[in-house]
> 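First, the structure itself, so that you have it in front of you.
Letters go in sequence order (proteins before strands), and every chain restarts at 1.
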2 protein chains.
Amino acid sequence: MVANTTVEEVLAELEQADTLESIQDAILKLREYFQVENMVYHWVDSAGEQYGYGTYPLEWATRYQEQNYIRIDPVIAGCYKRFHPVDWKKLDWSSKAVRAFQAEALEYGIGNQGYSIPIRGPNGQFALFTVNHTCDDADWEKFTEDNRRELILIAHYFNQKALEFEPNRAPEQSQSLSPREIDAMTLLAIGYSRAQVAETLSISEHTLRVYIESARFKLGASNTTHAVARALSRGLIVV
Amino acid sequence: MVANTTVEEVLAELEQADTLESIQDAILKLREYFQVENMVYHWVDSAGEQYGYGTYPLEWATRYQEQNYIRIDPVIAGCYKRFHPVDWKKLDWSSKAVRAFQAEALEYGIGNQGYSIPIRGPNGQFALFTVNHTCDDADWEKFTEDNRRELILIAHYFNQKALEFEPNRAPEQSQSLSPREIDAMTLLAIGYSRAQVAETLSISEHTLRVYIESARFKLGASNTTHAVARALSRGLIVV
DNA sequence: TATTAACTCCCCAGAAATAGCGAGGTCGAA
DNA sequence: TTCGACCTCGCTATTTCTGGGGAGTTAATA
């Protein structure tokens, strides 16, 4: 079956779309266009919920979820650290658990070649757009060479659409931290104790506590560690 | 003067480049191609250092830096919250300080129209790619409509190149955490207390403590908060 | 001008985390 | 087989953090 839709058209459609299903729709069309076995847009929101749209076999998606494979999946780990698109071959498959995971994926019908594009949005949002196929290395290299730019764009458009539907946008997203709160969170994140932070900032420990508490409140965090983790993953502080 | 270079060619060149100056080079070529007054790639690294490449008048860049305008610049504020490219007209220019800033920018020779694309990398890295021009609203809308996709791609390529030059890349690949340690760190990062983590993992709190301590040791962290922060920013855990 | 938000300081009691010691089991690799 | 790395459980004492209060100052904004 030969594709009868161009990328341009799909992106234009996607831009107008107003349901989450449209993402799935677009993926199917694009898969046909690029003639690959699998194409997936995968997104973990700020609450830790996973959303996947694409063509992986349902059994594999379920298995992946159940086994919490996101923890060991080298695609996730690798893309999280990088900015540019990643060929699966370049990832670290050395650990035994990872190889077992890989073998299982193949059994479930996942292709041996993969190319994943990390995308990041505001507040530490992170998503992945992946194409997957079965072929030899040379063919795959040609494919990724030829289509990288379009795939990057597609990833961008998917993420844009997904963000439009993000549930928890309005409530706490705009809660930014005050300068002192940022100072406090940053110093805590690099290992200072309360006493050290207070001394570094030349304020009393009592005052510091007020900042930590208000930061905790703003971030909806249940304790200091949680607050620092959220501040980090929302990109409010950097260490 | 008519452009004699295509975007494709510039991106290919940029990809091969191995100096930071190549960014400036590429910007000049692209400005010519798109026939706009200004084009800027602006980046704040993890240490808070600002890097700007582009065609803004030196006086304005200096002034901007000196006055710490990054604090009030609505382009920064607006793009930081958004994922998609932003037309400057859509930003919030209501505050008095902001309008004064805008007026000053115009005096320094900045065009009245602008279009900025936010880009984010690992560890909260954030950059902006901006095109700026003087023209009326209708022309500008047509320009951004026509070129948005290419501009997004260009932004992506600039950031990719810039990240290659980022200093703090390879400090230490550091020890990896054991599965249980990852569990513990992850649950702590999402706000569980020790007792809750122990219960969730169905182990005693004493055992949990051993994991936390060994993770702390492996990560060279001085307390739990520090350990979680390090695990997060090294991509060992994802929340 | 009135309001809001940020910054600073203070007390206390109870809850939680840390530091130091210990023990024993499994499993894979050298 | 031995070694290391991982998982599991225990104790005690000390330090640190958290969750309630309250109060006064600036600076900016509506």
> Of all the choices, dA17(C), dC7(D), dC9(C), which nucleotide is nearest to the side chain of Thr207(A) once you look at every atom?
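The nucleotide sitting nearest to the side chain is dC9(C).
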> Apply side-chain contact (heavy atoms from CB on, under 4.5 Å) to Leu236(B) and Glu181(B), showing your working.
CA-CA 10 Å; Leu236(B) 299 172; Glu181(B) 286 159 1; over 6 Å; no
> Rounded at 0.5 Å granularity, tell me how far CD in Gln125(A) sits from CD1 in Ile119(A).
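It is 7.5 Å, given to the nearest 0.5 Å.
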> Relative to the ring of Tyr80(B), is the ring of Phe126(B) parallel (under 30°), tilted (30 to 60°) or perpendicular (over 60°)?
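Taking Tyr80(B) first and then Phe126(B), their aromatic rings stand perpendicular (interplane angle over 60°).
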> Quick one: pull up CD in Glu37(A) and CD in Gln113(A) and give me the separation to the nearest 0.5 Å.
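Spacing of CD (Glu37(A)) from CD (Gln113(A)) equals 10.0 Å.
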> Could you tell me how far apart Leu208(A) (CG) and dT8(C) (P) are, to the nearest whole angstrom?
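Distance check: Leu208(A) CG to dT8(C) P gives 10 Å.
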> How many angstroms lie between CE in Met39(A) and CZ in Phe158(A), if you round to the nearest 0.5 Å?
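Answer for the CE-CZ pair, Met39(A) versus Phe158(A), is 7.5 Å.
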> So Trp60(A) and Tyr64(A), would you call those rings parallel, tilted or perpendicular, with 30° and 60° as cut-offs?
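Judged by the thresholds at 30° and 60°, the geometry between Trp60(A) and Tyr64(A) is perpendicular.
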> Rounded to whole angstroms, how far apart are CG on Leu188(A) and C1' on dT18(D)?
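Nearest whole value for this atom pair: 14 Å.
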> Using a strict threshold of under 4.0 Å (side-chain N to carboxylate O), is an ion pair present between Arg148(B) and Glu15(A)?
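Salt bridge flag = yes for Arg148(B) with Glu15(A).
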> Is the distance from OP1 or OP2 of dC6(D) to the nearest side-chain N or O of Tyr211(B) less than 4.0 Å?
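Result: no.
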> Pick the nucleotide of DNA chain C nearest each of Glu181(A) and Tyr192(B); which residue has the one closer to the 5' end?
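Here Glu181(A) is the residue nearer the 5' end.
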> Does Lys218(A) make a side-chain N or O approach to OP1 or OP2 of dA5(C) shorter than 4.0 Å?
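For dA5(C), OP1/OP2 do not have a side-chain N/O of Lys218(A) under 4.0 Å.
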> Tell me the interatomic distance from His226(B), atom NE2, to dC17(D), atom C1', rounded to whole angstroms.
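That distance rounds to 18 Å.
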> Between Pro179(B) and His206(B), who's closer to the 5' end of DNA chain D by nearest nucleotide?
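Looking at DNA chain D, the more 5' nearest nucleotide goes with Pro179(B).
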> Is it the case that the side chains of Asp92(B) and Ser94(B) hold a donor-acceptor pair, with the cut-off being a distance below 3.5 Å and no angle test?
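Yes.
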> Measure the spacing between CG of Leu208(B) and OG1 of Thr200(B) and express it to the nearest 0.5 Å.
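Atom-to-atom, Leu208(B):CG and Thr200(B):OG1 are 9.5 Å apart.
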> Please give, in whole Å, the distance from dT29(D) C1' to Ile72(B) CD1?
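Ile72(B) atom CD1 is separated from dT29(D) atom C1' by 14 Å.
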> What nucleotide among dC7(C), dC11(C), dC6(D) has an atom nearest to a side-chain atom of Ser178(B)?
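Within the option list, the nearest is dC6(D).
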> Does the separation of the ring centres of Phe129(B) and His156(B) fall below 6.0 angstrom?
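Judged by ring-centre distance (under 6.0 Å), Phe129(B) and His156(B) do not meet the cut-off.
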> Rounded to the nearest 0.5 Å, what separates atom CD1 in Ile182(A) from atom CG in Leu187(A)?
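It is 11.5 Å, given to the nearest 0.5 Å.
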> How would you summarise protein contacts on nucleotides 18-30 of chain C per nucleotide, using B for base, S for sugar-phosphate only and - for none, with heavy-atom distances below 4.0 Å?
BBB-------SS-
> In residues 195-205 of chain B, which ones come under 4.0 Å of DNA chain D, going by heavy atoms?
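Listed by number, they are Ile203(B), Ser204(B).
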> Could you tell me if Asp183(A) and Tyr211(A) have a donor-acceptor pair between their side chains, going purely by distance under 3.5 Å?
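On atom types as modelled, these side chains do not qualify, holding no pair under 3.5 Å.
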> Between Asp183(B) (CG) and dC7(D) (P), how many Å, whole number?
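Taking atom P of dC7(D) as the reference, CG of Asp183(B) is at 8 Å.
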> Taking the axis from the first five pairs and the axis from the last five, what angle separates them in the helix from dT1(C)-dA30(D) to dA30(C)-dT1(D), rounded to 10 degrees?
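Between the axes fitted at each end of the helix from dT1(C)-dA30(D) to dA30(C)-dT1(D) lies an angle of 70°.
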> What is the separation between atom CZ on Arg180(A) and atom P on dA27(D), rounded to the nearest whole Å?
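The distance from CZ of Arg180(A) to P of dA27(D) comes to 15 Å, rounded to the nearest Å.
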